[in-house]
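Below is one structure, written out as structure tokens, with a few remarks after it.
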Amino acid sequence: MDKSRTQPDLSSDASREPRSTLCILLLLALIAVVIGIAAHGPTNIYAYAQLWNVGSGIGMLESGNWLLPRNQLGVFARKPQLFPWIVAGIMKITGVCEDVTFRMPTILASFGTGVLIFLLARRWFNRRIGLMAACLWATGMHMSRIIYQATTDMLLTFWITLAIFCGDRLLFHPSGRSRRGRWLVTFWLAMILASLTKGWGIINFTIVGFMFVLAAVLRPGFGAAGRAETFAGRVLLAARLIWRRFYKVVVRTRLGWGVLAYLAVLGPVLVGMLAQGGKEFADDLYFEIWQRITGVGQSPPSGSTVPAAIYLIYSPVPSSLLALISLALVTPGRWFKRSSPISLPLCWVLAVVIPFSLTHAFRPDYLLPSYGALAIMGAWAVEYIARQGREAHRRLSLLRHACAAIAVLISLAIIVLPVMVLYREEIPFAIGKAFRAPAYVAAETWWVMAALPPIGLVLLLLAVRSSLKWQLRRVAAVTIVGMLGVLFMYTHFFSRHASSGVGERMRQFAHEVRPIVGDDAFAARRIEQLATELYLGRFGWRIESVEQLNQTACTWLITCDYGLSTLPARLLDGKPDAAWKIGHRPDELGEVVRRSPPLKTDIDWGHMYLIRLKPTIELLPASQPATSESISLPVSRSSPSSDRSE
């Protein structure tokens, strides 16, 4: 596609644009700031699907099985191997078990995705739009969480973006024949690695393939089919045109050879996993693919009931709002024409939203691969309006005010919200309760919150002044800088993890018990959602009853009040259904060496305990009250079982 035909109005002053090297350095610095904001905030390693991913990495190191990843419960970890491979490799090399280690695949993918968005928007438009788009992407509302999370979503987004970046060189902005081979190899390498990240090829093939076919098929040229004399003739001509365009995508991407390469790599991996995992792995494939798509079967996954389009507007703010402005700049009849500047990114967005809207278990994180396209659309809108100047017609002037309104609202947020937090004691109770301080706030966090209102005031004045002078690029810069303040406030004060303080208390407890436990064997009961073991760098033997405790040679027990309240005890004299009871006090099991502050997540977990186990644990019959006259049944701790695998 000829670039001059796509956006002739945006290439006139390309010589005055910043150099690509400088743009990339600025972008990497901005992404590092966003990651730093998330890293400085309270940890949330116990939430979402992070335990499965990190647990499978540690499980690989413990078991030595790098083919079939199992999580901290000894269950197959549902996702393919690439994420745990990276985590396990980093831990093996560095020996560090901390948040930054667990999240390193996401961190690396964030930097890579940002650079790809810049390069792709630079190819489609110019360097200024590329830098603006990548910065808008990095400061989106959802990024404060997803950019520093031990999940597979960002890594998958990187591979999908890389595949689109390479596929664009094969289909829409074709490179010379001498370079086409390297783009093909990189394209299929990205597709294979995406399959090893999540979805086993279903997700990435659907998104990338749908985008390419949609962008190719919706080109102009159907007018000739409309001139056929009969309806059947028009349908036949249109079908032939669609088929030719589809076949062109197949040929230029070398689909046949690519699928063979895909099967050559993933085929042996799947066969090996099936041989090791058997029915467990087969059931997991059924759950992750068929049940997620259809919702049929026993216990299908549950998803959000909110439509994907709503999340598509909220999660990537502010780039989503600017993308809506880009739709207003182009008439609907030109949205998908090849000459339209938003046709390719719009097809990209639809290729993500439509498939996931049709699945049963939709989650907002699934939309992450489309955020880059929205940012490109938004950056183009800002640049287009800025180029028009004061001579633009009234509609463009209104859209210029809409761009400025986004920056103004963000500036007002970082003025008002910190004041509400800092002076929450002086405002009415009903309002002040909503702005209560988190469980843990570092001293430097309060200093940043105190500095945000004056910074917001400066940004507000700059946004208004720049808008009046039609300097829309400065308005976009105000929006990006202001979003850093919004992300900081959300991460440190308004997120669920900040308000509960569970993550910090869990991590502090783990750091305290790590030197005490050392290399000793330990058992664990009902703490998987608190992730203490992740910070110990290994997992203990999961016990489900007091008898299992007594049959181990473990010196320690790590548990919590909820774990103690649900710890069953059974008779050892041939009556497995006869329930027995212990007193639910940690000191009944041994010496309490460490106790954490109370923890609350979705349920009340109470305190966490490190207990040095007694040589003998006494059980009381459930039918008898726990009095001094009760007859205790001692249970001796025997040698450990030979099979401790999880």
Side-chain angles (χ1 to χ4, degrees), residues 35 39 43-46 48-112 147-156 158-159 189 192-198 265-266 268-270 272-273 276-277 281 503 506-507 510-522 524 527-528 530-542 554 556 558 643-646:
I35 293 174
T43 182
N44 62 354
I45 196 69
Y46 61 90
Y48 314 110
Q50 297 181 99
L51 293 182
W52 290 81
N53 299 312
V54 181
S56 60
I58 296 179
M60 283 182 175
L61 291 179
E62 289 187 327
S63 66
N65 187 345
W66 291 64
L67 178 62
L68 192 70
R70 295 183 180 274
N71 73 345
Q72 70 275 18
L73 298 178
V75 181
F76 177 68
R78 295 184 178 176
K79 300 296 185 277
Q81 299 95 332
L82 187 58
F83 193 101
W85 279 348
I86 299 174
V87 171
I90 294 175
M91 286 192 293
K92 188 174 183 63
I93 294 172
T94 64
V96 178
C97 296
E98 280 295 341
D99 275 19
V100 67
T101 310
F102 306 149
R103 294 167 162 93
M104 188 55 68
T106 297
I107 294 174
L108 297 175
S110 300
F111 285 114
I147 205 170
Y148 192 66
Q149 192 175 96
T151 58
T152 56
D153 299 283
M154 183 61 75
L155 189 58
L156 176 68
F158 170 73
W159 298 123
L189 179 63
I192 292 172
L193 291 175
S195 300
L196 285 171
T197 301
K198 187 174 184 177
V265 175
L266 267 71
V269 173
L270 290 173
M273 296 180 72
Q276 286 193 13
F281 177 59
M506 173 268 297
R507 180 162 55 184
H511 287 173
E512 291 175 355
V513 306
R514 183 190 292 177
I516 300 174
V517 173
D519 294 329
D520 294 343
F522 66 93
I527 62 165
E528 59 269 13
L530 300 177
T532 300
E533 294 167 291
L534 295 182
Y535 292 106
L536 295 179
R538 57 198 173 95
F539 295 114
W541 184 39
R542 294 286 163 145
C554 293
W556 305 96
I558 299 177
D643 184 8
R644 297 280 185 83
S645 64
E646 297 191 12

[X] and [Y]: which non-hydrogen atoms are nearest, and at how many Å?
| X | Y | result |
| --- | --- | --- |
| V87 | P105 | CG2-CG, 3.8 Å |
| P84 | N53 | CB-O, 4.2 Å |
| V517 | W556 | CA-NE1, 4.0 Å |
| K79 | P69 | O-CG, 3.9 Å |
| V54 | A150 | CG2-CB, 3.6 Å |

_So does M154 get a backbone contact from the side chain of T106, meaning a donor-acceptor N/O pair under 3.5 Å?_
no
*Who passes ring pair (Phe, Tyr, Trp, His ring centres under 6.0 Å) against F102, sequence neighbours left out?*
Y535
*By ring pair (Phe, Tyr, Trp, His ring centres under 6.0 Å), which residues pair with F76, not counting sequence neighbours?*
F281
*Evaluate the side-chain proximity of F83 to T197: yes if any heavy-atom separation is below 4.5 Å, no if none is.*
no
*asked:* Are the side chains of Q50 and N44 in contact, using a 4.5 Å heavy-atom criterion?
replied: yes
*Output every pair passing side-chain hydrogen bond (donor to acceptor under 3.5 Å, both in side chains) with a member in residues 80-97, not counting sequence neighbours, ordered by first then second residue.*
none
*Distance from R538 atom CZ to R514 atom CZ, nearest 0.5 Å?*
10.0 Å
*Rounded distance [0.5 Å steps], CG in L108 versus CZ in F158*: 9.0 Å
